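Working notes for the structure below.
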Amino acid sequence: DAVHEALDVSALMEGLNARKLQSVALHSAASDRVSYLKRPDLGRKLDDESRAHLKSASPCDLAVVIADGLSARAVQRHALPLLDALTPALSHDKWRLSPVVIVEQGRVAIGDEIGAQLNAALVAVLIGERPGLTSPDSLGVYLTWAPKVGRTDAERNCISNIRPEGLSYRDAAAKIMFLLNEARRRKLTGVMLKDEGGTLPP
């Protein structure tokens, strides 16, 4: 059921607006859920209308992408609380952000095209992970330095199982900030960048 639930884009945009975060809604080349599940390649790229709508922008440090992935439920429940935990640290460390991009029928790699179009040094894709028997709402975050079409999974860092019953928003935000700051300092992500930040004290 979680795989087939639709993302409530309007609710997400309202939540972002309430947090004074600009947003834009786009769609992958997968026209519907059936196409998305049968053709993973279509979920990795924008449709023509979205590509035309996403204008090139001045360089930014980080593009944040929210994609439904394989669990819109995870995104609906956890994307905004995670951003609540994350944005104060991003502001403190003076990260320049693009508008938040919401993508329907999106997979992780769609962030590469979006990040490149937005001239972002890094892209963070918040995405619903494949549901398990006990966790239909697990959120993952994938970080990619110098996003461009053709990046591989080995060039990304992943923080997974973000939800109250798994990795807390607070601990997830701490891990993300450690990796973001190290990625910016070392100009890389992926297998060469290890999460050595530990966890926050209780």
Side-chain angles (χ1 to χ4, degrees), residues 2-83 86-87 90 95-130 139-151 153 155-156 158 162 176:
V3 169
H4 290 280
E5 283 183 14
L7 186 65
D8 189 341
V9 175
S10 295
L12 273 179
M13 295 186 80
E14 288 173 7
L16 291 166
N17 184 59
R19 292 161 173 80
K20 301 190 184 328
L21 293 171
Q22 294 182 325
S23 62
V24 58
L26 304 178
H27 204 288
S28 79
S31 58
D32 53 38
R33 203 62 175 169
V34 173
S35 299
Y36 174 82
L37 294 172
K38 288 183 176 180
R39 292 280 306 275
D41 57 307
L42 296 179
R44 299 186 184 113
K45 59 186 179 181
L46 295 170
D47 65 13
D48 292 338
E49 183 178 349
S50 294
R51 190 175 296 111
H53 184 70
L54 191 63
K55 305 297 184 183
S56 296
S58 300
C60 64
D61 297 317
L62 179 66
V64 175
V65 176
I66 299 175
D68 48 7
L70 289 168
S71 176
R73 185 185 306 181
V75 172
Q76 215 79 56
R77 290 180 178 177
H78 308 311
L80 293 179
L82 177 60
L83 288 176
L86 192 58
T87 48
L90 290 169
W95 283 79
R96 296 172 300 162
L97 305 181
S98 74
V100 177
V101 178
I102 302 169
V103 183
E104 291 183 88
Q105 317 296 3
R107 295 186 183 267
V108 171
I110 204 165
D112 298 335
E113 181 179 7
I114 293 169
Q117 190 70 20
L118 292 174
N119 291 310
L122 277 147
V123 63
V125 179
L126 285 59
I127 191 166
E129 297 179 319
R130 184 185 305 276
L139 184 73
V141 176
Y142 290 79
L143 308 175
T144 309
W145 171 260
K148 64 179 181 180
V149 175
R151 287 290 189 213
D153 288 341
E155 296 173 290
R156 314 186 199 284
C158 175
I162 301 170
I176 292 167

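For clarity, every value in this text was computed on a predicted model and none was experimentally measured.
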Could you report the tightest heavy-atom contact between Val103 and Val101, atom names first, then the distance? CG2-CG1, 3.9 Å
Check whether any side-chain heavy atom of Leu82 lies under 4.5 Å from a side-chain heavy atom of Val141, and answer yes or no. yes
Without swapping roles, check the side chain of Arg107 against the backbone of Ile127 for a donor-acceptor pair under 3.5 Å. no
Is the CZ atom of Arg130 crowded by more than 12 outside heavy atoms at less than 6.0 Å? no
I need the full list of ring-ring contact (aromatic ring centres under 6.0 Å, His included) pairs touching residues 29-82, with sequence neighbours left out, sorted by first then second residue. His78-Tyr169
Can you name the side-chain hydrogen bond (donor to acceptor under 3.5 Å, both in side chains) partners of Ser98, sequence neighbours left out? none
Sequence neighbours excluded and cut-off under 3.5 Å, please list the side-chain donor-acceptor pairs for residues 111-122, or say none.
residue, atom, partner, partner atom, Å
Asp112, OD1, Arg156, NH1, 2.9
Asp112, OD2, Arg156, NH1, 3.3
Asp112, OD2, Arg156, NH2, 2.9
Glu113, OE1, Leu46, N, 3.0
Glu113, OE2, Arg51, NE, 2.7
Glu113, OE2, Arg51, NH2, 3.4
Gln117, NE2, Leu54, O, 3.2
Gln117, NE2, Ser56, OG, 3.1
Asn119, ND2, Ala57, O, 2.4

Sequence neighbours left out, what pairs pass salt bridge (Lys or Arg N to Asp or Glu O under 4.0 Å) with at least one residue falling in residues 61-72? Arg33-Asp68, Asp61-Arg96, Asp61-Arg184
Any side-chain heavy-atom pair of Met13 and Asn17 under 4.5 Å: no
With a 4.5 Å heavy-atom cut-off, do Leu12 and Val75 have their side chains touching? yes
What heavy-atom pair brings Ser35 and Ser31 nearest, and what distance separates the two atoms? OG-OG, 3.7 Å
Heavy-atom check, side chain of Leu83 versus side chain of Leu16, under 4.5 Å: yes
Any side-chain heavy atom of Ile66 sitting closer than 4.5 Å to one from Val125? no
Look only at the side chain of Gln76 and the backbone of Asp8, and say whether a donor-acceptor pair between them is shorter than 3.5 Å. yes
Tell me the closest heavy-atom pair linking Gly106 and Ala67, and the distance in Å. O-CB, 4.0 Å
Quick one: side-chain hydrogen bond (donor to acceptor under 3.5 Å, both in side chains) partners of Glu104, sequence neighbours excluded? none
Could you check if a side-chain atom of Leu70 sits within less than 4.5 angstrom of a side-chain atom of Leu37, using non-hydrogen atoms only? yes
Kindly write out the residues that satisfy salt bridge (charged side-chain N to carboxylate O under 4.0 Å, His left out) with Arg44, not counting sequence neighbours, or none if the list is empty. none
Closest non-hydrogen atom pair, Leu139 against Gly128: CD1-N, 4.3 Å
For residues Ile102 and Leu7, determine if any side-chain heavy atom of one lies less than 4.5 Å from a side-chain heavy atom of the other. yes
For Thr144 and Val123, indicate whether the former's side chain and the latter's backbone hold a donor-acceptor pair under 3.5 Å. no
